[in-house]
Amino acid sequence: MLEGLDPEQREVATALHGPVCVLAGAGTGKTRAITHRIAYGVRAGILPPSSVLAVTFTNRAAGEMRGRLRQLGAAGVQARTFHSAALRQLQYFWPKAIGGSMPRLVDRKIQLVADAAAACRIRLDRGELRDVTAEIEWSKVTQTVPADYPLAAAKAEREAPRAPAEIAQLYAAYEDLKRDRAVIDFEDVLLLTVAILQDRHDVAEQVRAQYQHFVVDEYQDVSPLQQRLLDLWLGERDDVCVVGDASQTIYSFTGATPDHLLDFRVRHPKATVVKLVRDYRSTPQVVHLANGLLSQARGRAADHRLELVSQRDPGPDPVYTEYTDEPAEAEGAAHRIRALLDAGVPASEIAVLYRTNAQSETYEQALADAGIPYQLRGAERFFDRPEVRKAGIALRGAARFGGNDALLDEAVDLPSQVRAVLSGEGWTPQPPAGSGAVRERWESLAALVNLAQDFAAARPGATLGDLVAELDERAGAQHAPTVQGVTLASLHSAKGLEWDAVFLVGVAEGMMPISYARTDEQIEEERRLLYVGVTRARSHLHVSWALSRAPGGRPNRRPSRFLQGLRPGSGSGPGRTAAGASGSVRRGMSERAVAAPRRKQRAPARCRVCGRTLTDAGEMKLMRCEDCPSDMDEGLYERLREWRAAQARRSGQPDWCVFTDKTLVAIAEAVPDDAGELARIPGVGVRKLNRYGADVLAICAGQDPVSEDETD
């Protein structure tokens with residue numbers, strides 16, 4: 001059980017008595033250490049499996065821990081999230097401690113908050129609803145009651161979305177609504193479990209008799225409420241092992257605090273403390289940059305930083321690239337990703353990480369234009385999204401009563417039927433301009449349309465009823481219709497993951513650190529967030545920023561202050577040879593020349609109809625404003641769509657990986673006569689011109705595509 005562990009991991013595995021604190025840096029094998037610790041204790045007869053409760057923060061992490069424990073012969077150990085463990089106990093003890101049936105658990109607060117706002121006659125837009133909900137969640141995990149919110153928010157220097165008094169009013173109304181409707185939320189699960197364990201000593205003793213040993217992963221993310229629950233589970237005992245890294249505290253806005261980790265030795269003076277600093281994930285070059293970032297940090301967490309030591313062979317230096325604008329940055333990333341794919345790096349081992357989800361659209365477009373499949377991470381579970389639920393209801397109704405729907409009767413195949421039904425739910429052939437909630441809803445519906453096309457191709461003759469059954473089965477298994485490809489994710493949602501190649505994009509002032517980070521504590525958390533992003537990379541790390549948002553915009557941005565002294569040409573500082581441990585920086589060249597050839601300054605894109613400067617990515621692809629008149633050949637557009645669908649089936653990719661809808665519209669409007677005209681259409685590019693140009697030009701000329709026989 002101890003074979004294959006390094007000396008520090010072995011020390012963790014054999015420390016089976018009393019309080020244990022494991023300070024584990026990124027990539028140091030903490031999960032391996034704690035699962036071997038539990039399994040070693042079980043195999044040695046020291047820890048009965050049913051007496052151990054291991055808790056972490058995500059279902060994915062808990063599932064990974066359970067899988068490893070099963071492989072190590074410790075299948076009886078409970079590995080759960082805090083909420084899952086508390087809910088299990090609450091459901092079991094509710095009849096005994098409270099009586100009657102437990103209130104219904106709601107998994108979404110938004111509607112309740114909206115109803116509370118209506119009761120208070122306060123108008124909230126969608127963004128404010130989300131932000132007020134976050135404030136309520138923060139209040140509950142920090143054990144703040146509505147009346148105390150204004151003072152607590154001021155003390156925590158929180159940027160409230162509305163006046164603190166209004167938030168307190170909404171919070172109180174929200175709690176009243178829950179009581180009236182006999183429902184509870186996820187924070188109530190913890191609060192009620194804490195209340196029962198505090199008030200009913202017999203229940204607390206029963207829980208403590210069941211669990212005598214606790215392991216807490218990601219301890220730097222524990223909230224005051226979760227710490228209170230852990231204290232009640234423990235009682236007067238101290239058989240607890242906590243694992244964490246203060247330098248990876250990035251969720252303080254939700255109430256997480258590293259204070260419990262940093263104060264552990266104060267609360268438990270006799271605790272065994274083990275530091276894991278051998279980094280098995282990243283190359284020395286990546287680790288060098290990560291250490292350099294933290295060496296400039298300030299504050300309590302920085303005082304306890306861990307200096308990582310890479311255990312891997314040297315790899316390529318981090319690449320730093322400056323671009324003229326955000327679309328150019330996205331195109332540059334797509335170009336480099338294509339080079340990695342051509343070199344044999346799997347798409348699933350590549351990630352593009354950004355500070356906010358709103359940045360994803362530009363990269364989605366760039367990857368789609370380059371024919372590179374991608375998947376978004378960190379969004380709400382696909383089949384839990386309201387628009388997907390509504391679409392499912394509409395499809396189910398159409399499957400039963402479709403004969404009364406004229407649009408459905410006109411549809412000749414399953415994909416056309418699905419498009420006809422979902423057009424009533426907001427789906428359109430072209431995506432809406434920009435990003436945000438409207439775009440997110442459209443993407444969900446478009447995923448259902450694509451799923452229907454794939455389903456019909458795999459099962460010729462399938463009916464709408466068959467598709468509904470397939471959707472029900474997928475929903476039960478949470479099997480979303482995602483594409484295995486390059487991962488697009490926010491830095492927050494990338495925590496706990498790793499890839500061979502990572503692209504950190506938008507690393508400029510105003511985005512990293514984010515513009516609303518003003519206090520020293522907030523700035524330092526932004527630095528830790530970038531550190532988390534850096535340490536996701538195993539070998540290839542690309543860091544980039546853009547001088548302006550749109551083509552032709554004023555180049556008034558500058559690279560993030562966090563890179564000062566770390567990237568080539570940015571002055572002296574810790575780790576000034578930011579190329580890494582090898583120090584292989586090419587002297588006498590500009591910073592951009594080290595990273596990549598300088599791009600030509602692009603002229604601003606203008607509408608070919610009215611002449612207005614275009615900034616939206618979709619409009620730039622069409623080379624006209626969305627509301628300017630289109631001279632598109634509708635018949636040509638439909639023939640191009642049919643050809644694209646055949647090509648997509650042939651390659652096993654979604655339709656948009658061949659050409660996006662916007663590109664097809666642009667082709668159908670331009671009707672190019674030769675390869676030169678086709679190449680000038682945004683979204684075509686050299687690679688797609690070589691691969692699909694002959695077919696597209698043949699279709700535009702009214703002829704059969706060259707590859708028709710092959711695709712058929």
Side-chain angles (χ1 to χ4, degrees), residues 319-341 345 347-379 431-436 439-440 442-443 446-447 482-494 497 499-508 510-512 514 529-530 533 536-537 540-551 557 595-596 599 602 615-621 653-654 656-657 659-663 682-683 685 687-688:
V319 175
Y320 302 84
T321 313
E322 183 176 275
Y323 293 95
T324 55
D325 51 69
E326 289 181 3
E329 184 180 9
E331 290 171 12
H335 177 74
R336 291 183 180 276
I337 289 170
R338 171 55 63 189
L340 288 172
L341 294 173
V345 179
S348 59
E349 288 296 343
I350 303 173
V352 178
L353 306 182
Y354 34 74
R355 177 61 180 84
T356 68
N357 284 320
Q359 293 170 266
S360 75
E361 194 272 338
T362 304
Y363 291 90
E364 293 178 59
Q365 189 71 59
L367 292 177
D369 289 346
I372 299 172
Y374 65 86
Q375 56 180 334
L376 283 168
R377 183 177 179 83
S435 57
R439 178 65 181 241
E440 290 172 4
W442 184 90
E443 293 286 359
T482 56
V483 176
Q484 293 302 314
V486 173
T487 299
L488 295 178
S490 70
L491 286 164
H492 281 101
S493 65
L497 303 173
W499 296 269
D500 284 345
V502 168
F503 289 75
L504 296 176
V505 298
V507 188
M511 194 59 72
M512 181 58 67
I514 198 77
L529 188 57
L530 183 58
R536 299 310 95 194
H540 303 276
L541 180 63
H542 297 255
V543 183
S544 64
W545 58 92
L547 296 178
S548 65
R549 185 185 67 81
R557 291 180 177 177
R599 294 176 57 93
R602 299 195 307 185
T615 57
D616 177 78
E619 290 183 340
M620 286 190 285
K621 184 173 290 297
Q653 293 181 322
W656 47 259
C657 285
F659 283 120
T660 63
D661 285 342
K662 284 270 172 56
T663 300
R687 190 188 65 82
K688 290 190 178 182

Is the shortest side-chain heavy-atom distance between T324 and L547 below 4.5 Å? no
Side-chain heavy atoms of T321 within contact of R336, under 4.5 Å: yes
Closest approach of T356 to Y354 (non-hydrogen atoms, all atoms of both residues): O-CD1, 3.0 Å
To the nearest 0.5 Å, what is the distance between NE2 (H540) and CG (L340)? 5.5 Å
Pick from F503, Y320, Y323: which one makes a side-chain contact (heavy atoms from CB on, under 4.5 Å) with S544? Y323
Search all heavy atoms of M512 against all heavy atoms of L530 and return the closest pair with its distance. SD-CB, 4.0 Å
V352 side chain reached by I337 side chain, heavy atoms, under 4.5 Å: yes
Pairing donors with acceptors under 3.5 angstrom, does anything connect the side chains of W545 and E329? no
Look only at the side chain of R338 and the backbone of A370, and say whether a donor-acceptor pair between them is shorter than 3.5 Å. yes
Scanning both residues in full, the closest heavy-atom pair of Y363 with A330 reads CE2-CA, 3.4 Å
Can you tell me how far apart CD (E364) and CG (D369) are? Round to the nearest 0.5 Å. 11.5 Å
Rounded distance (nearest 0.5 Å) linking atom CG of L488 with atom CD1 of I350: 11.0 Å
Residues R355 and M511: closest non-hydrogen pair is CG-O, 3.2 Å
Taking atom CG of L491 and atom CD of Q359, what is their separation to the nearest 0.5 Å? 8.5 Å
Taking all non-hydrogen atoms of both residues, which atom of P373 and which atom of G371 are closest, and how far apart? CD-O, 3.7 Å
To the nearest 0.5 Å, how far apart are CG in L529 and CD1 in I514? 9.5 Å
If every non-hydrogen atom of D325 is compared with every non-hydrogen atom of A546, which pair is closest and at what distance? C-CB, 3.4 Å
